[in-house]
Amino acid sequence: MHTKDLEKKRFQKRTEDFVCGKCGWETRGDGYTDHCPKCLWSRHVDINPGDRRSSCKGMMEPVGIRKKGEKYVILYRCLICGIKYRVKKAEEDDFEEIIMISKKNF
Ligand SMILES: [Zn+2]
Ligand SMILES: [Zn+2]
């Protein structure tokens with residue numbers, strides 16, 4: 001009878017805090033941010049964005065930046081399984097770091 005409610009709960013955003021595996025920065029999770037705002041490294045935790053269902057948990061290196069209109073997209077590659085992933089730049093991301101990463105490509 002309450003299965004519907006349970007289903008709903010399972011798909012709610014999780015707001016866990018995390019410590020960056022690269023630089024040690026502590027990030028307050030808001031359910032959306034899954035990468036470090038300081039060094040921009042991420043973790044391979046999602047299969048689909050936000051689902052946290054990946055068992056890989058490898059560090060994901062920001063390997064490039066793409067600009068889409070006014071928005072920036074960060075390209076990632078997982079160091080363990082090599083999967084590629086793209087994430088929208090978050091408001092609080094360090095812009096200097098974005099510039100640095102974008103230079104890697106050129
Ligand atoms: Zn970091
Ligand atoms: Zn991976």
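All of these numbers come straight from a predicted model, not from anything done at the bench. In what follows, every heavy atom counts, from backbone to side chain, and hydrogens, waters and symmetry copies are set aside. Every number for a ligand or one of its atoms is a count from 1 in the order of the listing.
- The line from CG of D17 to OG1 of T27 is 8.5 Å long, rounded to the nearest 0.5 Å.
- Closer than 2.8 Å to the Zn ion (ligand 1) sit the protein N, O or S atoms C20 SG, C23 SG, C36 SG, C39 SG.
- Linking Ile, Leu, Val, Met, Phe, Trp and Tyr residues whenever their side-chain heavy atoms come within less than 4.5 Å leaves M59 and M100 in two separate clusters.
- Every residue two or more places apart in sequence or in another chain that forms a side chain to side chain contact (heavy atoms under 4.5 Å, CB included) with D94 is listed here: E96, E97.
- Within a radius of less than 2.8 Å around the Zn ion (ligand 2), the protein N, O or S atoms are H44 ND1, C56 SG, C78 SG, C81 SG.
- Taken from CD in E92 to NE2 in H35, the straight-line distance is 7.0 Å, to the nearest 0.5 Å.
- If you chain together hydrophobic residues whose side chains sit under 4.5 Å apart, W41 and V87 never meet in one group.
- Using a distance-only test at 3.5 Å, with no hydrogens or angles considered, no donor-acceptor pair links the side chain of D93 to the main chain of K89.
- To the nearest 0.5 Å, atoms NZ (K57) and SG (C78) are separated by 11.0 Å.
- Note that the OG atom of S42 and the CD1 atom of I74 stand 8.5 Å from one another [nearest 0.5 Å].
- In this structure, the ring pair (Phe, Tyr, Trp, His ring centres under 6.0 Å) partners of Y72, at least two apart in sequence or on a different chain, are F95.
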